Amino acid sequence: AAMSRKGLKLLVDSLTRSAKHFNKSEVECLVKLFDTLVAKACSEYAGAGFDRTVFRDTLHSAFGMTDEVVLDRVFSIFDKDNNGCISVVEWVEGLAVLLRGTLEEKMKLCFTVYDLNGDGYISKEEMFQMLKNSLLIQPADEEPEEGVKDLVEIALKKMASTCLFIPFFLQDHDHDGKLSFTDFEKAVRDENLLLEAFGPCLPDIK
């Protein structure tokens with residue numbers, strides 16, 4: 001038991017340094033929550049972490065995040081070693097950005113979520129996919145699939161003439177419908193509301 005307490009203290013001290021947005025008592029609470037979540041997970045990870053299902057259920061119940069594509073992308077960002085399991089370090093450090101990150105950190109997170117194929121750009125097709133998902137989860141989702149596709153196409157065509165989206169497209173110099181991180185960053189710094197322009201990636205303030 002003494003060794004366990006010592007190990008916990010070392011872990012908390014280390015995580016308080018690496019997940020700089022949380023204080024020591026907050027890290028302790030998150031480690032305890034991690035242990036609770038691991039107990040819910042399947043046994044294949046031998047107590048080392050929890051899987052995608054537990055992660056998605058937790059973000060859904062704690063933060064009201066419901067978009068499955070977004071949740072899968074956020075899981076991939078947390079799962080830095082890409083082993084399908086969220087470790088305690090990945091858990092605390094990931095939440096530090098998700099909940100308390102700087103604007104720069106949150107811009108990188110949202111951009112990575114939207115860059116579905118990981119090529120360093122948000123393409124028109126990726127915008128379409130993200131906006132389509134956002135529209136489908138709204139209360140008016142009785143619309144048929146084709147109707148939603150039409151709405152998304154109209155929205156994409158109107159973006160260039162809508163003042164909110166002008167910062168994006170002014171930076172799209174070759175007009176190929178792709179946004180680099182630099183384009184995205186410029187737009188978000190000009191108008192912070194554009195941070196989640198293509199879908200909800202972050203918990204709301206409450």
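All figures in this text were calculated on a predicted structure; none of them were measured in a lab.
Ring orientation note: the planes of Phe198 and Tyr114 are nearly perpendicular, at an angle over 60° on the 30°/60° scale. Ring geometry for Trp91 against Phe55 counts as perpendicular: the plane angle is over 60°, on a 0 to 90° scale with 30° as the lower cut.
At a threshold of 4.5 Å between non-hydrogen side-chain atoms, the residues Arg52 and Leu71 do not count as touching. Looking at Leu202 and Leu98, their side chains come closer than 4.5 Å, going by heavy atoms from C-beta outward. Between Glu125 and Asn117 the shortest side-chain heavy-atom distance does not fall below 4.5 Å. Residues Leu116 and Met130 form a side-chain contact, since some pair of their non-hydrogen atoms from C-beta on lies under 4.5 Å apart. The side-chain heavy atoms of Arg189 and Leu103, taken from C-beta on, include a pair separated by under 4.5 Å. Side-chain contact between Leu15 and Leu30: absent, with no pair of heavy atoms (C-beta onward) separated by less than 4.5 Å.
The CD atom of Glu104 sits 5.0 Å away from the CD atom of Glu185 when rounded to the nearest 0.5 Å. Atoms CZ and CZ, from Phe75 and Arg56 in turn, are 10.0 Å apart once rounded to the nearest 0.5 Å. Distance check: Leu194 CG to Cys110 SG gives 11.0 Å after rounding to the nearest 0.5 Å. Atom NZ of Lys186 sits about 12.0 Å away from atom OG of Ser180, to the nearest 0.5 Å. The structure places CD1 of Ile86 at 11.0 Å from CG of Leu37, a figure rounded to the nearest 0.5 Å. Atom-to-atom distance recorded for Leu59:CG and Phe78:CZ is 6.0 Å, nearest 0.5 angstrom.
When every heavy atom of Val97 is checked against every heavy atom of Lys106, the shortest pair comes out as O-CE, 3.7 Å. In this structure, Val54 and Asp51 approach most closely via the heavy-atom pair N-OD1, 3.1 Å. For the residue pair Met65 and Val74, the shortest heavy atom distance occurs at CE-CG2, 4.4 Å. Minimum interatomic distance between Val92 and Phe22 (heavy atoms only, all atoms of both residues): O-CE1, 3.6 Å. Closest non-hydrogen pair, Val31 versus Leu8, comes out as CG1-CD1, 3.8 Å.
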Tell me, with the steps shown, if Asp115 and Thr112 meet side chain to side chain donor-acceptor pair (under 3.5 Å). CA-CA 5 Å; Asp115 179 15; Thr112 304; over 6 Å; no
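The backbone N or O of Lys32 sits nowhere less than 3.5 Å from a side-chain atom of Asp35 that would complete a donor-acceptor pair. Using modelled atom types, no side-chain atom of Glu90 and backbone atom of Asp79 make a donor-acceptor pair closer than 3.5 Å. Remark: side-chain polar atoms of Ser14 are not paired, donor with acceptor, to backbone N or O of Leu10 under 3.5 angstrom.
For the side-chain hydrogen bond (donor to acceptor under 3.5 Å, both in side chains) with His21, the qualifying choice from Glu105, Arg100, Glu93, Glu26 is Glu105, the only one to do so.
No continuous path of hydrophobic side-chain contacts links Tyr121 to Leu109 [ILVMFWY only; heavy atoms under 4.5 Å].
Looking at Asp13 and Arg17, no side-chain N of the basic residue comes within less than 4.0 Å of a carboxylate O on the acidic one, giving no salt bridge.
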